[in-house]
Amino acid sequence: MPKHEFSVDMTCEGCADAVSRVLNKLGGVEFSIDLPNKKVCIESEHSSDTLLATLNKTGKAVSYLGPK
């Protein structure tokens, strides 16, 4: 499965939990959250646009860093 890396403006565990919630709701994803570096790495068949739209639901500033 393709891997995508995103920058997400997370400042605490609550932010990371919000990211986990929206990704788990989307389904079909495996992900890791790097809170200190504010990065989320997602392994999924979903397009990067779909993943970006999903992460935007957290209300955090999100940007696509590229394939990993």
Side-chain angles (χ1 to χ4, degrees):
M1 274 197 293
K3 284 187 178 182
H4 304 281
E5 192 170 43
F6 295 86
S7 171
V8 183
D9 187 24
M10 301 175 289
T11 54
C12 63
E13 281 299 323
C15 300
D17 289 346
V19 170
S20 294
R21 267 196 309 279
V22 296
L23 289 174
N24 285 326
K25 196 179 284 187
L26 176 65
V29 297
E30 286 184 28
F31 59 92
S32 61
I33 297 173
D34 180 353
L35 186 55
N37 293 312
K38 301 184 179 187
K39 290 183 181 171
V40 180
C41 185
I42 306 171
E43 197 171 335
S44 176
E45 292 295 341
H46 291 292
S47 71
S48 57
D49 289 341
T50 299
L51 296 171
L52 186 61
T54 301
L55 289 170
N56 276 322
K57 291 178 184 175
T58 62
K60 306 289 175 201
V62 181
S63 60
Y64 181 51
L65 299 174
K68 185 155 173 104

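All values derive from a computational prediction rather than experimental measurement.
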In residues 5-12, what donor-acceptor pairs under 3.5 Å come from side-chain atoms, sequence neighbours left out?
from: D9; atom 1: OD1; to: K38; atom 2: NZ; distance (Å): 3.3

Going by atom type alone, with no hydrogens or angles, which donor-acceptor pairs under 3.5 Å involve a side-chain atom of residues 19-34 and a protein atom two or more places apart or on another chain?
from: S20; atom 1: OG; to: A16; atom 2: O; distance (Å): 3.2
from: N24; atom 1: ND2; to: S20; atom 2: O; distance (Å): 3.1
from: D34; atom 1: OD1; to: N37; atom 2: N; distance (Å): 3.3
from: D34; atom 1: OD2; to: N37; atom 2: ND2; distance (Å): 2.9

Please tabulate, for the side chains in residues 61-68, all donor-acceptor contacts under 3.5 angstrom to protein atoms that are two or more places apart in sequence or on a different chain.
from: Y64; atom 1: OH; to: H4; atom 2: ND1; distance (Å): 2.8

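Rounding to the nearest 0.5 Å gives a distance of 9.0 Å between CG of N56 and OG1 of T54. Interatomic distance, CG of L51 versus CD of E43, reported as 11.5 Å (0.5 Å rounding).
At a threshold of 4.5 Å between non-hydrogen side-chain atoms, the residues L55 and K60 do not count as touching.
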